[in-house]
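To start, the structure itself, in structure tokens.
Sequence lines set the chain letters: A, B, ... in the order given, protein chains first and strands last, and positions in each chain run from 1. Just so it is clear, the values below take in all heavy atoms, side chains as well, and ignore hydrogens, waters and symmetry mates.
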Amino acid sequence: MKIKVYDFELERVNQCQWLLKKKNGKQVIFFATESIINNLDKDVFFQANNVSLMPGLAGKVIIMPDAHSGYGAPIGTVFPMKKDQGYVAPGAVGYDINCGMRLLITKLMINDVKPKIKKLVDSLYQAVPVGVGRQGFLKVSKQQLKKLVEEGVDYLVNSLGLGWPEDIEAIEEKGKIGPASFSALSSVAIERGLKQLATLGSGNHYLEIQKVEKIYNQALAKKWGIEEIGQVTVMIHCGSRGLGHQVCSDYLRLFEKEKNSIAVDRQLVCLPVKSSLGKQYLLAMAASANFAFVNRQAITYQVRRVFERVFGLNQEKLGLDLVYDVAHNIAKFEGKFLIYRKGATRSFPNQPVIIGGSMETGSYLLVGTEEALKKSYGSTAHGSGRTMSRAKAKRLIHGQKLWQTLEKKGIYIKSASWGGLAEEAGQAYKNINQVVEAVSQAGLSRPVAYFTPLGNIKG
Amino acid sequence: MGLTKKLTTITIDENKSIADVLVKIRTKNQSDLIKNCLKAFLLISLDDNLKNKKTVVYQEIIKEKTLEERVFSLIEVLIYYKDVKNLLVFKVGIDSLRNNCWRLRFFCQPITNQLRFKADIKALTRHSFSVKKTSFGYQAVLVFDL
């Protein structure tokens, strides 16, 4: 069966897999149901096509069901580059390097938390800065920042004492992507990092208190600390803040100035992996990724302190163990390839996968599969995926009214701005259930548990 | 399509792409181009008008070979002031625009709780980015990452 979407002819491989064959022999695979495919925005197809034209590609370009158009490459893209003859493209990683998700599990139940949800959310809002201009609790010197971006979470936990040694084991790449180099960062990137460490930021970033709503895989859920329905969890979504954005901006500019750079699209400008600037970017990108891991770990430290204060319980009774921390926007050497994941999650066999939804719907914990290794370079979706621009959402949705509606539903939100709230409304996103159903049917990851929000702080 | 707000020669297109804000600026001269880049930045960032109580002034020299790169550097300065100095630039004074070099004065106000932000501009992307000299003056297309 073939369907035509925006002049692109797609061949149906199965219920959740579509193939776009290119004349140059390259292939783009869409993992999506027919309904999702038909509702993807036009630029997803054009941008996916551009990615497939990049030099040095080592295989298929994968598009996830939560895809939407981005800059250069769609959000929700995975592709492999040849390890030695491949190309480095900062725009294919994206601006918010290692924007990612982290899930903590408490020993508290909904009945423990519900009466104190406002106090809890208000306290978290004070302890974890959101929005523009607020600085984090963690002030570090340049020397310490160097250690943090080069050594990752290990330095934060073992030298600065912000976290538990077992946290490190529950982070993708153990919270350190290497080699990373502080000297590959510009002075502006460093200054932005120093100011914004331990902050949540704005846009779609959030810290959410949730409860377990459904358990799909009892055995695995139990192994990861999820015992029963109604148990309270905490989800953190944020990235490398201004430091990562600056790295992307700096290197895109530098790459453009290089004579031998290739640009299928201006945002996808690339240089050989072996080039001096290509190597330099990978060092800076790894430093940014480590900054993001550290940022989420520092926020976790604050979350644990706030829970202790609000509930008057010690860590033993609170739990707040780290289930997992995954990166979204990253390029990493895995096996034979340099794998790019832009708005996609690593999904290795038996690895926890976190897919965050909007503050109105819910989020999923899944498990990675062997099939993902074969079909999508060990990757799956990362979220619900936008269906409308931030500006359009702000025009159509009234932030304050949304806040009231959510409060009536029992979801208490603390946001830096009404506009910021409106742009993250549920209707600005795809239905997360459909996204999870698609990745599950495609075999890229399988659901373990489903969480619904109780409270949320956002920028 | 997608035209929501017009302020002199600034157009914000909200439907161009899902994840970003695209701005088109048409001006008669480089001075207006600089001023309208700042206007667009403020229009996207702020929820209400500035309450201009305390002003700090900084001088900056922006030197780049192309006009496009000078505009890019100008936006980078605005982001740097916001993120690092915790200052919002609300006015730009133009001292000279010669030899690929802009000498500018930035009038800034400290970012406090009183300033209501509706969006945080994190980067000017290279996506669709262009600044051209045209028959009527200058035209710029800027896509901001929020």
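A distance-only check finds no donor-acceptor pair linking the side chain of B:Lys82 to the backbone of A:Val132 [under 3.5 Å]. Within the 3.5 Å criterion, the main-chain N or O of B:Ser128 finds no donor-acceptor partner in the side chain of A:Arg266.
Atom CG of A:Asn204 sits about 10.5 Å away from atom CG of B:Leu146, to the nearest 0.5 Å. Between the OG atom in A:Ser249 and the CG atom in B:Asp145 there is a gap of 8.5 Å [rounded to 0.5 Å]. The distance from the NZ atom of A:Lys257 to the NZ atom of B:Lys65 is 8.5 Å, given to the nearest 0.5 Å. Remark: A:Leu252 CG to B:Phe129 CZ distance equals 12.0 Å, nearest 0.5 Å.
Interface check for chain B: of the options A:Arg134, A:Gln246, A:Arg192, the most heavy-atom pairs under 4.5 Å are formed by A:Arg192. With chain A as the partner, the residue from B:Thr125, B:Ile79, B:Val143 showing the most heavy-atom pairs under 4.5 Å is B:Thr125. Comparing B:Leu87, B:Val84, B:Thr112, B:Asn113 by how many heavy-atom pairs each has under 4.5 Å with chain A, the most go to B:Val84. Between chain A and the options B:Leu124, B:Asp47, B:Asp120, the largest number of non-hydrogen pairs under 4.5 Å is found for B:Asp120.
When heavy atoms are compared at a cutoff of 4.5 Å, B:Asn86 approaches chain A solely by way of its side chain, counted from C-beta outward. In this structure, chain B has no heavy atom under 4.5 Å from any part of A:Lys42. With a 4.5 Å cut-off on non-hydrogen atoms, A:Gln135 does not touch chain B at all.
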Apply side-chain contact (heavy atoms from CB on, under 4.5 Å) to B:Lys122 and A:Ser202, showing your working.
CA-CA 10 Å; B:Lys122 294 167 188 161; A:Ser202 56; 3.6 Å; yes
Apply the test side-chain hydrogen bond (donor to acceptor under 3.5 Å, both in side chains) to residues A:Arg253 and B:Ser73: give CA-CA distance (whole Å), side-chain angles for both, the deciding distance (0.1 Å), then the verdict.
CA-CA 11 Å; A:Arg253 220 171 171 185; B:Ser73 291; 2.7 Å; yes
Going through the distances and angles, do A:Gln47 and B:His127 end up as a side-chain contact (heavy atoms from CB on, under 4.5 Å)?
CA-CA 11 Å; A:Gln47 292 181 355; B:His127 186 90; 3.6 Å; yes
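No side-chain heavy atom of A:Val269 sits under 4.5 Å from any side-chain heavy atom of B:Arg126. Using a 4.5 Å cut-off on side-chain heavy atoms (C-beta onward), B:Glu76 and A:Asp250 make contact.
For B:Asn99, the CG atom is loosely surrounded, since the number of other residues' heavy atoms within 6.0 Å does not exceed 12. Counting heavy-atom neighbours within 6.0 Å of B:Lys132 NZ, excluding the residue itself, gives a total of 12 or less. Other residues, nucleotides and ligands place more than 12 heavy atoms under 6.0 Å from the NZ atom of B:Lys85. In the displayed structure, A:Gln427 atom CD is contacted under 6.0 Å by at most 12 heavy atoms of other residues, nucleotides or ligands.
Here the closest non-hydrogen pair linking B:Phe144 and A:Tyr71 is O-OH, 3.6 Å.
Side-chain contact, A:Glu191 with B:Tyr80: a donor N or O sits under 3.5 Å from an acceptor N or O.
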